[in-house]
S.K.: 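Okay, here's the structure, questions in a sec.
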Amino acid sequence: MVTVLGIAGSPRKNGNTDMLLAEFTRGAASKGAVTKTVFLRDLQLSTCQHCDACLKAGICKIKDDMQGIYVDFQQADVIVLASPVQFTGVTAQMKAMIDRTQSLWAKKYVLKMPPLGDKRERKGFFISVGGRKVANLFDPMLVMIKTFFHIIDVKYAGELLFSGIDEKGAIAKHPDALKQAFEAGQRLAGGNGQQSQGGN
Ligand SMILES: Cc1cc2nc3c(=O)[nH]c(=O)nc-3n(C[C@H](O)[C@H](O)[C@H](O)COP(=O)(O)O)c2cc1C
């Protein structure tokens, strides 16, 4: 059975990325996947302190809600990050979580261990929306997200990106964004490694 982990990075409850992520996990569940969504805004997440403690054993010494996310990553077959664009990057909540995976970087590159504890294939997917309708809106985020998945040995499997979506709930007025998210969830839960790109 495929386990799908959604990481919701928006500070706005029930906003556009929350809605897309919910459709993605609903699509995955319709194919029999076990799904879990973590809402970063509800968690206590410290920023990385660059104390370098993780270089010794690959374990972050900050004992907060990130400890649960490390376990969630290990258990997941599919990891879906959802974040709106904020100042051309991911949200502060999402960036804090990504920086805390420095301990996984240490596991892989310093300690030469699998960052997520084993070598089974995991897939990563990215969902984003931005208020502005400009070319290359998502390029800076994509560099970071692809780098993140690469570092934790998760195979990048595509994205859904929607520009010109600003008001809370505006994504529901898009002709088929929610449908695209549902179908992407179905595809990723289906176990094929197919690349999936979509949006706008
Ligand atoms: C602090 C902040 C910064 C933002 N920066 C950008 C930006 O750089 N580019 C953009 O297109 N939209 C920007 N937006 C707009 C959001 O991406 C947009 O409202 C989005 O629909 C919010 O998604 P959500 O409902 O999932 O939170 C910003 C919004 C906030 C609150």
Side-chain angles (χ1 to χ4, degrees), residues 4-30 33 35-48 65-66 68-69 72-73 76 78-101 123-149 154 156-189 196-200:
V4 175
L5 173 67
I7 305 283
S10 175
R12 187 152 73 167
K13 191 176 177 183
N14 299 327
N16 298 310
T17 49
D18 275 13
M19 290 169 74
L20 288 164
L21 182 58
E23 280 307 291
F24 185 102
T25 54
R26 206 168 66 82
S30 78
T35 69
K36 174 176 181 176
T37 300
V38 172
F39 296 93
L40 297 179
R41 60 178 171 266
D42 295 337
L43 303 186
Q44 293 297 323
L45 278 190
S46 166
T47 51
C48 171
D65 290 330
M66 191 64 203
I69 296 179
D72 290 336
F73 280 160
V78 177
I79 299 172
V80 193
L81 302 188
S83 170
V85 185
Q86 288 198 342
F87 285 87
T88 74
V90 296
T91 61
Q93 290 86 345
M94 184 67 79
K95 183 62 165 59
M97 187 212 69
I98 289 173
D99 286 351
R100 290 288 298 284
T101 60
K123 283 184 268 178
F125 196 83
F126 181 53
I127 293 173
S128 189
V129 304
R132 300 182 68 211
K133 188 102 190 159
V134 291
N136 307 327
L137 177 63
F138 302 98
D139 286 2
M141 305 170 84
L142 285 171
V143 172
M144 185 197 297
I145 296 295
K146 288 178 182 177
T147 301
F148 163 74
F149 281 128
V154 169
Y156 192 68
E159 67 261 340
L160 280 176
L161 310 171
F162 299 97
S163 59
I165 304 289
D166 208 2
E167 302 304 317
K168 186 175 180 178
I171 198 70
K173 297 192 192 116
H174 186 285
D176 67 351
L178 295 175
K179 183 165 172 278
Q180 284 189 54
F182 183 86
E183 289 173 356
Q186 286 189 314
R187 268 196 311 280
L188 272 282
S196 168
Q197 251 112 36
N200 283 325

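All values below come from the heavy atoms of this structure, side chains included, with hydrogens, waters and symmetry mates left out. Indexing begins at 1, ligand by ligand and atom by atom, following the structure's order.
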S.K.: For atom 10 (C) of ligand 1, what's the nearest protein heavy atom and its distance?
M.R.: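 Residue, atom and distance for the closest contact: G131 N, 3.5 Å.
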
S.K.: Which heavy atom in S83 sits nearest to a heavy atom in M94, and how many Å separate them?
M.R.: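 Minimum heavy-atom contact is CB-CE, 4.0 Å.
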
S.K.: Tell me which one of D99, L45, L40 satisfies side-chain contact (heavy atoms from CB on, under 4.5 Å) with M66.
M.R.: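 Only one option passes, and that is L45.
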
S.K.: Starting from atom 27 (O) of ligand 1, what is the nearest protein heavy atom, named by residue and atom, and what distance separates them?
M.R.: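 Here the nearest protein heavy atom works out to S10 OG, 2.6 Å.
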
S.K.: Decide yes or no for N200 and K133: does some side-chain heavy atom of the first lie under 4.5 Å from some side-chain heavy atom of the second?
M.R.: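 With C-beta onward as the side chain, the pair touches.
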
S.K.: Of all the non-hydrogen atoms in the protein, which one sits nearest to atom 26 (O) of ligand 1, and at what distance?
M.R.: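 For atom 26 (O) of ligand 1, the nearest protein heavy atom is T17 OG1, 2.6 Å.
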
S.K.: Out of E167, R132, Q86, who gets a non-hydrogen atom closest to atom 3 (C) of ligand 1?
M.R.: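 Minimum heavy-atom distance to atom 3 (C) of ligand 1 goes to Q86.
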
S.K.: With heavy-atom distances below 4.0 Å as the criterion, list the atoms of ligand 1 near V129.
M.R.: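 Heavy-atom distances to V129 below 4.0 Å select 17 (O), 20 (C), 21 (O), 23 (O).
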
S.K.: Does an N or O from P11, backbone or side chain, lie closer than 3.5 Å to an N or O of ligand 1?
M.R.: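 No.
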
S.K.: For atom 13 (C) of ligand 1, what's the nearest protein heavy-atom neighbour? Residue, atom name and distance, please.
M.R.: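 Nearest neighbour among protein heavy atoms for atom 13 (C) of ligand 1, to 0.1 Å: V85 O, 3.3 Å.
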
S.K.: Taking NZ, NE, NH1 and NH2 as the nitrogens, is one of them in R187 or E183 under 4.0 Å from a carboxylate oxygen of the other?
M.R.: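 No, R187 and E183 are not salt-bridged.
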
S.K.: For ligand 1 and L137, I'd like to know whether there is a polar contact (N/O to N/O, distance under 3.5 Å).
M.R.: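 No, no N or O pair falls under 3.5 Å.
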
S.K.: For ligand 1, which atoms, with element, lie under 4.0 Å from some heavy atom of F87?
M.R.: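 Once the distances to F87 are compared, the set is 1 (C), 3 (C), 4 (C), 5 (N), 6 (C), 7 (C), 8 (O).
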
S.K.: Compute whether any side-chain donor of one residue and acceptor of the other, for S30 and Q186, lie under 3.5 angstrom apart.
M.R.: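 Yes, side-chain donor-acceptor contact under 3.5 Å.
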
S.K.: Tell me: protein heavy atom nearest atom 15 (C) of ligand 1, and distance?
M.R.: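 Nearest protein contact, heavy atoms only, for atom 15 (C) of ligand 1 is D166 OD1, 3.5 Å.
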
S.K.: Pairs of nitrogen or oxygen atoms closer than 3.5 Å, one from P84 and one from ligand 1: do any exist?
M.R.: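 No.
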
S.K.: Below 3.5 angstrom, do we get any N/O pair linking G15 and ligand 1?
M.R.: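 In this structure, G15 places no N or O atom under 3.5 Å from an N or O of ligand 1.
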
S.K.: Out of V90, L81, L43, which one pairs with M97 under the side-chain contact (heavy atoms from CB on, under 4.5 Å) rule?
M.R.: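 Testing M97 for a side-chain contact (heavy atoms from CB on, under 4.5 Å) against V90, L81, L43 leaves exactly one candidate, L81.
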
S.K.: Going by the angle between their ring planes, with limits at 30° and 60°, are H174 and F162 parallel, tilted or perpendicular?
M.R.: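 Perpendicular.
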
S.K.: Can you list the ligand 1 atoms lying under 4.0 Å from a non-hydrogen atom of R12?
M.R.: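 Listed by number with element, the hits are 19 (O), 21 (O), 22 (C), 23 (O), 24 (P), 25 (O), 27 (O).
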
S.K.: Against heavy atoms of I165, which atoms of ligand 1 measure under 4.0 Å?
M.R.: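 Listed by number with element, the hits are 18 (C), 20 (C), 21 (O).
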
S.K.: What's the separation between atom CD1 in I7 and atom CZ in F73, rounded to the nearest 0.5 Å?
M.R.: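 I7 CD1 to F73 CZ: 5.0 Å, rounded to 0.5 Å.
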
S.K.: Do you know the tightest heavy-atom contact between V85 and M141?
M.R.: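 Reported closest heavy-atom pair: CG2-SD, 3.6 Å.
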
